[in-house]
Amino acid sequence: MRDTEPTNLSNTEKYTIYDPISDEMELNMGPQHPSTHGIIRLVLKTDGEVVTRVIPDVGYLHRSIEKIGELGNYYDFMPYTDRVDYLSAMHANAGYAMAVEKLAHIQVPERAEYLRVIAQEFNRIISHIIAVGAYALDLGAFTPFVYLLREREKINDLIESICGARITYNYARVGGVSQDLPDGFKEKALEYLDHFDLIVKEYDRLISYNKLFVHRLANVGIVNRETAFRYGLVGPNLRASGINWDLRKDQPYSVYPKLEFKVAVGQGWTGTVGDSFDRYYCRIIEMEESSKIIRQALLQMPEGEIRAKVPRKLKPPVGEVISHIESSRGDLMYYIMSNGTENPYRIKIRTGSFNAMTILEELGAGMYIADLVSFFASLDVVAPEVDR
Amino acid sequence: MERLIEILTRQGGLLEGYSQELVVIFQIIFLVIIALIVLIFLSLYAGVTSVAERKIAGRMQSRLGPNKVWYRGLFQFLADGLKMIQKEDIIPDLVDKPLFRIAPYIVVTAMFCTWVAIPFGAKLIPADINIGIIYIMAVASLNVIGIIMAGWASNNKWSLIGGIRAAAQIISYEIPSALAALTAVILAGSLSMQDIISKQGAWPWQWYITHDPFTMISFFVLLISLLAEGNRTPFDIPEAESELVSGYNTEYSGFRFLLFFLAEWANIYIISAVLTTLFLGGWQTPWIWEPLIPILNMKFELIGILIFLTKSFFITFIVIWIRWTLPRLRVDQLMTVCWKYFIPISFFNLFGLLFWEVLFPESLALAASISITTGFVIIFMIFLYYVVVKNFIQMNARVGF
Amino acid sequence: MSNVHSEITKELGSVIGSDRVFDRSQQLLPSIEVHPESLYDCIAFLKKKPYEASYLDSINGTDLLSFPGPEIHRKDVPWSSWYGTDEKIRLYMLVYQLVSLEHNKEYIVKAVLHGNNPFIASIDSLFGNANWLEREIYDLLGIDFLNSRDLRRIMLPEDWEGFPMRKDYKENEKYWDMPTTRFNPLEAMKQRGIALKNSILKDKED
C-alpha cells in the first residue's frame, strides 16, 4: 500500500524483497504490540493467512547496558541488572553478585544465600504468572490474567516488605543481600503459600483443561530435541522439549543442593513433546515447585550475617569469570572480565530470551498468523532481555 | 397495525371520512414514530447492556466494574455516549473517504432493520411480517457489507484481514443458524414470529426447547451460530484480537467507533430475542393469557413484555458470561466447527425432528416434553452443584485474603 | 573442569596442529585458545564424540585495546608467534561457550583476532543461534564473520556508523538530525566558568 517505490530501503527491507506483483502481503507486527511482550518488531510475509517468512527486527530497547557497566565500579552496576529483565530482576541481581563473588573470591554467608533463594523463587512465581497470564490474554481469555494479577499483587506486597520495591528490586549485593527479613515475614509467607497452592490448582483447572485453550496450544510450534539444541534454547523452553536440564540440579549453585524439588520436563501432555502446551504447562509446574522450595528455605534458614565484608573499593584480580543462574526465562549467563582496576573491563549478559528469538525465523514459516502469536507467546520472550 | 388503522377509520373513529391519501400519510407518520421509539429503545438497551457487560465482567474478574457515574456506575453508558458524541471526527488521510464514512451507518442500519420484526409483547411488534424469522436472518447478514467496507477503506492491512475474516465467518454461520431456526418453524408451521410464540405455551414443558431432544440440540446450535454472527467471543476474531489490534475497528474513533459497538451490543439483544421467540416461549404468560384480549388492555401486555425481557436478559447474561470465560478460536478451527460439525448436526437435527413428528403422535408429545424438562432440570442441578456449590465450599475453606 | 580443557588441547593439537592450540586450563576461567583460522574445525571437533557439545551457549566479544596486565604481556602468549609483538596491534578476543548435557561440562574456546578489520569464520552452519550472536558482535564490535548467512546489524539501526563497544568509539554528533548526547547542565556550567557551590560533586571535582 505504498504510493511510490521506496528509495531508502534499510537492510531489513532489502532482505524482504519488495515485489509489487507477488501475492505475498507484508505485514508489520510492529513495534507496538497489543500484547505484553515488549517492543519487538516482526515483519511477516504472508500468503493469506499462512506466514511464509518471519523477519524479526529487534533493537528498539537497546540501552547499551554493557557499555555503561564499564563506566562505574562493580557495585554500581547492580541497579542496571534489574532492568535487563524486569520480570525476573532478583535472578539478574543474584547472577551478577555471584559472578563478582567468584571473581573476587568472596564467601557469602549462608543466611544470605537462603535469602537470595527465597527472593528468587518468589520472583520465579511472579514471572511465570505474567507469562501464563499474558499467554491467556493473547488468546482472548481476559479473565485468568486478572486473577493471576491478583496473586501477583500479594506477592509484590511480600517482596516489598523485604526490599522496598515492587519491580526493580536491587536486592542482592556483592557479598550477600541488602536487607534482612522483617518481623513476621515467615508466618505471612507460609500462610500465603498455603493459599497459593490451592490457587495454582484452580488456574490449572480454569485454563489447562479448557478445550478451546488446548486446541490453540496443542501441536503448535513443535520444537523437537535437535531443534532445541541447534538454537540453544534454555529454561522452560528446553525442558518442554523433553530434555532434563535444570541448572539448579545439574550445575548447582548457592544452597540448592540442600533443597528438594522436581524438575518440570515436558511429556507431551497433549500429543507431541515440545509443543506450546508443554512449554506452558512446564511453567505451571515450576510455580508449584517454587512454592515448595520457598517453604523448605524458610524452615531451614539459619541465623547469621546477611552480607560478607567486602572492601570499599573492590579491585578483583585480573581474569575472567562466567556465572550461570537459572532464571525464569532460562539460563542467565554473566561474563565479567576484570583488568585489575575498580571498573569492570567487560560485562556480557546472555539472556534466555535472546536464544529463544532465534528460533522464530525457522519455525515461524508455514504457520497461521494466530499460531505464530501463540508460539511467540509460549516462548516467553521479554523484549528488554533481547536488546539489553 | 392494520387493525389500528381499521379501528380509527371505521364508524366513530378519529379518522372517519378522511380520504385515502391522508390515511396513508397518517400511516407513514405513525410508522416513523414507531421507528423512533424502537430506535430509542435500541440505544437505551445497547447502553444498558454495555454497562451490564462491564459490571458482570468486573465481578467475574473479582473487581468492581465502573462505579463512579451517578448511582454505582449504572449510568456509565450515558457518560460514554455523551463523551463519544462530542469527540473530533478523525478521518485518516489515505483512507477511502466515502466508504469509510458510510461503513458504520450500514452496520447500524442492518442491525436496526432486524429490530422491527422482533416481538415485545402480544400485540407489540413494530411489524408482524409473515416471513419474520427469514427476514431477520437475511437483514442481519447485511452487516457483513459494512464490516468489509470498514476493513477495506481503512487502508490498513490488519483491518483488511479482520474484515475478510468477518465476512467468511458471518457468511459461513448463516447456514447452521438457518437450519436450526428451521426446526422451530417446522413445529410451528409458520415463519411469523408471533405465530411461533402463540403456538408455544407458558410453562417450560410447553416451550419448543423441551419438545424433543432435537430441538434442544437446535437451541444450542442456534445459540453458538448467532454468537458467531454477532462477532462475540469465542468468535471475535474480526475485532478485539490481540494480533489485529481491534481489526476493522482500528482506524475509527469517536462517534463512528461508538456506532460499531452499539451495533454489537444491540446484536446481543437480537440473539436473545430470536432465541427466546423460537425456543423459550416468548411472551407467553401463565394463567392469565386469554387470546382474545383487545389491543388496549395493557395490564396483560406489560406482564408479557416483562417475561420476554427477562428471558432475553437471561440469554444475554449467558452470552456475556461466555465472552469473559473462553479464549478465542483460530480461523481455521472456526471454519472446521461450522462446516464439518455444525452443518451435519443441523441436518441430522432436522431429519430427526421430522421423524419424531411422524412417529410420535400428539398424545405422547406432552409426556415427552415433561420427561425432557425434568431431565434437563436434573442435569442443570447436577451442573450447579459441581460447578457452583462446590467452588463456594472450597472458596470458604481457603485462607481468607 | 580444567582436566577437560587440557585433554581437548592435546587431542585438538593432534588434529589441527599443536602450534594452533594453547592450553589455558589453569586460569580462573579454564579454556583453550585457538588460532582464528582453525576455529571452525575446533568447534566441529567438539561437536563430535567424545565431547558431544550439545548447544552453543554464547559468543562474547571484547576489545582488548586498553587491557594491561601480565595476562596479555606480549611475550608469553600464543599470538605473539602468530601476530608479532608489536604493541600497537589492535586485538579482539572472542569467547565461545559450548555446553554438553551428556557430560555436564562447559567447553570454552577463545580466539584472539588482530587488526583493524578483524574477520573470522562463522559457525552458522554448525549451530543455528550462532547467527544472532554473531550479528550482535558484528554490530557492536565490527568483527566480520565470513560465510555468514545473514550478517547485518541487529541492535542498532542499519545505517549507524561506528561500532560502539570498541574502546575508542566516539559517536557522531547527530544521527539524522537528532543529537546523540543529551544536554548536560554540569558541563554547560563548567564551560561557562560558573562555580559550583554547595554541591556534593565539589569534592569529586577537586
Side-chain angles (χ1 to χ4, degrees), chain A residues 8-15 55-62 64 66-67 70 102-103 105 225 227-234 238 243-245 250-251 316-322 324 331 333 335 337-341 345-346 348-350 354-359 361-362 386-388, chain C residues 24 27-31 47 53-72 93 95 97-102 104-106 108 110 126-133 135-137 139-140 149-160 164-167 169:
Chain A
N8 55 344
L9 286 175
S10 61
N11 265 340
T12 307
E13 282 153 316
K14 276 191 210 130
Y15 275 89
I55 301 153
D57 181 17
V58 297
Y60 288 88
L61 283 172
H62 181 63
S64 59
E66 298 172 356
K67 182 116 181 153
E70 300 167 12
K102 234 178 176 176
L103 190 60
H105 305 291
R225 224 182 127 97
T227 315
F229 282 145
R230 202 164 69 232
Y231 284 95
L233 289 181
V234 287
L238 183 68
I243 300 161
N244 192 343
W245 176 255
D250 293 314
Q251 289 181 0
V318 174
E320 305 144 313
V321 74
I322 287 181
H324 292 271
D331 176 352
M333 191 262 325
Y335 165 83
M337 184 163 168
S338 139
N339 59 353
T341 61
Y345 189 75
R346 173 77 163 110
K348 155 97 184 176
I349 311 168
R350 198 272 317 170
F354 191 81
N355 285 357
M357 283 285 290
T358 57
I359 209 174
E361 284 175 338
E362 161 154 340
V386 177
D387 301 337
R388 279 155 287 142
Chain C
R24 286 200 172 277
Q27 296 172 356
L28 184 59
L29 185 70
S31 61
K47 262 186 104 168
S54 317
Y55 66 89
L56 174 70
D57 199 26
S58 169
I59 309 178
N60 317 324
T62 318
D63 179 7
L64 294 179
L65 181 63
S66 50
F67 192 74
E71 271 288 311
I72 206 164
M93 181 160 80
V95 178
Q97 301 168 33
L98 301 158
V99 175
S100 160
L101 296 196
E102 268 115 72
N104 198 357
K105 291 206 184 327
E106 192 176 12
I108 301 177
K110 287 195 197 168
L126 295 171
F127 292 104
N129 60 340
N131 187 26
W132 272 45
L133 292 161
R135 273 174 70 184
E136 187 186 350
I137 295 181
D139 189 11
L140 297 175
R149 66 167 184 250
D150 179 11
L151 193 70
R152 53 194 161 101
R153 286 191 182 262
I154 185 171
M155 307 285 189
L156 299 170
E158 274 88 6
D159 50 357
W160 192 269
M165 283 301 281
R166 293 193 177 180
K167 296 290 176 183
Y169 172 71

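Note on naming: letters A, B, ... go to the chains in the order of the sequence lines (proteins, then strands), and numbering restarts at 1 for each one.
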My understanding is that only residues two or more places apart in sequence, or in another chain, count here; which of them pass ring pair (Phe, Tyr, Trp, His ring centres under 6.0 Å) with A/Tyr231? none
Which bit of C/Ile59 is near chain A, if near means a heavy-atom gap under 4.5 Å: side chain, backbone, both or neither? backbone
When you measure from the side chain of A/Asp250 to the backbone N and O of C/Asn104, does any donor-acceptor pair fall under 3.5 Å? no
Does any heavy atom of chain A fall under 4.5 Å from the side chain of C/Leu156, the backbone, both, or neither of them? side chain
Please rank A/His324, A/Glu70, A/Glu361 by heavy-atom pairs under 4.5 Å with chain C and give me the top one. A/His324
Value for CZ (A/Phe354) from CG (C/Asn129), rounded to nearest 0.5 Å, stands at 8.5 Å
Where the side chain of A/Arg346 meets the backbone of C/Asp63, is there a donor-acceptor pair that is under 3.5 Å apart? no
Which of the residues A/Glu66, A/His62, A/Gln251, A/Glu320 is involved in the greatest number of heavy-atom pairs with chain C at under 4.5 angstrom? A/Glu320
Taking every heavy atom of C/Met93 against every heavy atom of A/Tyr335, the minimum-distance pair comes out as CE-OH, 3.6 Å
Does the pair A/Met333 and C/Asn60 meet the rule for a side chain to side chain contact (heavy atoms under 4.5 Å, CB included), with working shown? CA-CA 11 Å; A/Met333 191 262 325; C/Asn60 317 324; 3.8 Å; yes
Please state whether the side chain, the backbone, both or neither of A/Lys67 comes within less than 4.5 Å of a heavy atom of chain C. both
Which one wins on heavy-atom pair count under 4.5 Å against chain A: C/Thr62, C/Ile108, C/Leu28, C/Leu133? C/Thr62
To the nearest 0.5 Å, atom CZ of A/Arg230 lies from atom CG of C/Leu126 at 11.5 Å
Evaluation steps, side chain to side chain contact (heavy atoms under 4.5 Å, CB included), between A/Leu233 and C/Tyr55: CA-CA 8 Å; A/Leu233 289 181; C/Tyr55 66 89; over 6 Å; no
Take C/Trp132 and A/Val386 through the test side chain to side chain contact (heavy atoms under 4.5 Å, CB included) and record every step on the way to the result. CA-CA 11 Å; C/Trp132 272 45; A/Val386 177; 4.3 Å; yes
Within a strict 4.5 Å, meaning less than it, do heavy atoms of the C/Glu136 and A/Val58 side chains meet? no
Under a 4.5 Å cutoff for heavy-atom pairs, which residue among A/Ile243, A/Leu61, A/Leu103, A/Ile322 has the most contacts with chain C? A/Ile322
As an exercise, state the distance from CZ of C/Arg135 to OG1 of A/Thr358, rounded to the nearest 0.5 Å. 11.0 Å
Region of C/Asp57 in contact with chain A, defined by heavy-atom distances below 4.5 Å: both
If every non-hydrogen atom of C/Leu56 is compared with every non-hydrogen atom of A/Asn355, which pair is closest and at what distance? O-ND2, 4.3 Å
Given the options A/Met357, A/Glu362, A/Lys102, which has more heavy-atom pairs under 4.5 Å with chain C than any of the others? A/Met357
A/Thr341 meets the side-chain hydrogen bond (donor to acceptor under 3.5 Å, both in side chains) criterion, sequence neighbours left out, with A/Asn339
Under 4.5 Å heavy-atom distance to chain C, tell me which part of A/Asn244 shows up: side chain, backbone, both or neither. neither
